[in-house]
Amino acid sequence: QVQLVESGGGLVQPGGSLTLSCAVSGVFLYDYTIGWFRQAPGKEREGVSCVRTSSGGSNYADSVKGRFTISSDNAKNTVYLQMNNLKREDTAVYYCAADRTYYCAPNGRLSSLFAYWGQGTQVTVSS
C-alpha cells in the first residue's frame, strides 16, 4: 500500500523559508515521479514541482522558479521542497503525490494525473 505523509508546514513571515517533506512508504522512490501541488482557499489546485529521481528530471511552476527547490533522498524514501523568499500568495495546503508512469517534463504545467496523494500540510505566509 502506497502512503505519502507530508510534514514541515507552518506559519512563516514573508521572505522567510520552509522545507516540506514527503515521506513515501510502500514503494521505492526511485521508481516513481513525485509531485508537489498546492491549493489555496477558493482556488484550483496548482502544480508546483515534480521530480523523477531515476532520471533527475524536475519541473517548477513559473510562480516558484528561482525560489523553490525540489530534492530527494532515496535512502530515506523522502522528497523535499525547499521554499525560500516566501510570499503571501504561497499560502495554501501543500500536497505531495506519487505516480509510477507520470513523465516529469522540464517545461509545461503539471497535471494532477498522479495515482497516490498525501493528506496535505498547511503553509501560511503572513506577518
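Along the sequence shown, residues are numbered consecutively beginning with 1. Given the structure is predicted, the values throughout are model-derived calculations rather than measurements.
- With no hydrogens or angles considered, a side-chain donor-acceptor pair links Ser63 and Glu46 at under 3.5 Å.
- Rounding to the nearest 0.5 angstrom, the gap separating the OG1 atom in Thr69 from the CE atom in Met83 is 11.0 Å.
- When side chains are defined from C-beta on, Phe68 counts as touching Leu86, because their heavy atoms get closer than 4.5 Å.
- No donor-acceptor distance shorter than 3.5 angstrom exists from the side chain of Asn84 to the backbone of Ser17, with no hydrogens or angles considered.
- Scanning all heavy atoms of the two residues, the minimum distance from Asn59 to Gly108 falls at ND2-O, 3.1 Å.
- Leu20 is connected to Tyr116 through a chain of hydrophobic side-chain contacts under 4.5 Å among Ile, Leu, Val, Met, Phe, Trp and Tyr, so both are in one cluster.
- Shown here for Ile34 and Ile70, the closest heavy-atom pair between the two residues is O-CD1, 4.2 Å.
- Of the possible polar contacts, none joining the Ser21 side chain to the Tyr80 backbone as a donor-acceptor pair under 3.5 Å is found.
- Trp36 is not connected to Tyr95 by any chain of hydrophobic side-chain contacts under 4.5 Å among Ile, Leu, Val, Met, Phe, Trp and Tyr, and they are in different clusters.
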Residues 23-32, side-chain donor-acceptor partners within the protein, below 3.5 Å, at least two apart:
none

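- Side chains of Val48 and Leu110 form no contact here, defined as non-hydrogen atoms less than 4.5 Å apart.
- Atom-to-atom distance recorded for Leu4:CG and Cys22:SG is 4.5 Å, nearest 0.5 angstrom.
- Interatomic distance, Leu81 CG to Tyr94 OH, rounded to the nearest 0.5 Å: 7.5 Å.
- Among all heavy-atom pairs drawn from Arg52 and Thr101, the shortest one is NH1-N, 4.2 Å.
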Please list every donor-acceptor pair under 3.5 Å in which a side-chain atom of residues 6-14 meets a protein atom from a residue at least two apart or in another chain.
from, atom 1, to, atom 2, distance (Å)
Glu6, OE1, Gln119, N, 3.1
Glu6, OE1, Gly120, N, 2.9
Glu6, OE2, Cys96, N, 2.9
Glu6, OE2, Gly120, N, 3.2

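- Pro106 and Tyr103 get closest at one heavy-atom pair: CD-OH, 3.9 Å.
- Side-chain N/O atoms of Ser71 and Asp73 include no donor and acceptor closer than 3.5 Å.
- Every salt bridge (charged side-chain N to carboxylate O under 4.0 Å, His left out) that Asp90 has, sequence neighbours left out, goes to Arg38, Arg67.
- Pairing each heavy atom of Ser111 with each of Phe37, the nearest pair is O-CZ, 3.1 Å.
- Looking at every heavy atom in both residues, Ala92 comes nearest to Ala40 through CB-N, 3.8 Å.
- The hydrophobic cluster analysis finds Leu113 isolated: no Ile, Leu, Val, Met, Phe, Trp or Tyr side chain comes under 4.5 Å of it, directly or through other members.
- Every residue two or more places apart in sequence or in another chain was checked for a salt bridge (charged side-chain N to carboxylate O under 4.0 Å, His left out) with Arg88, and none qualifies.
- When atom types are taken as modelled, the side chain of Thr91 and the backbone of Val125 share a donor-acceptor pair closer than 3.5 angstrom.
- Within a 6.0 Å sphere centred on NZ of Lys43, other residues, nucleotides and ligands contribute 12 heavy atoms or fewer.
- Residues passing the ring-ring contact (aromatic ring centres under 6.0 Å, His included) test with Tyr102, sequence neighbours excluded: Phe114.
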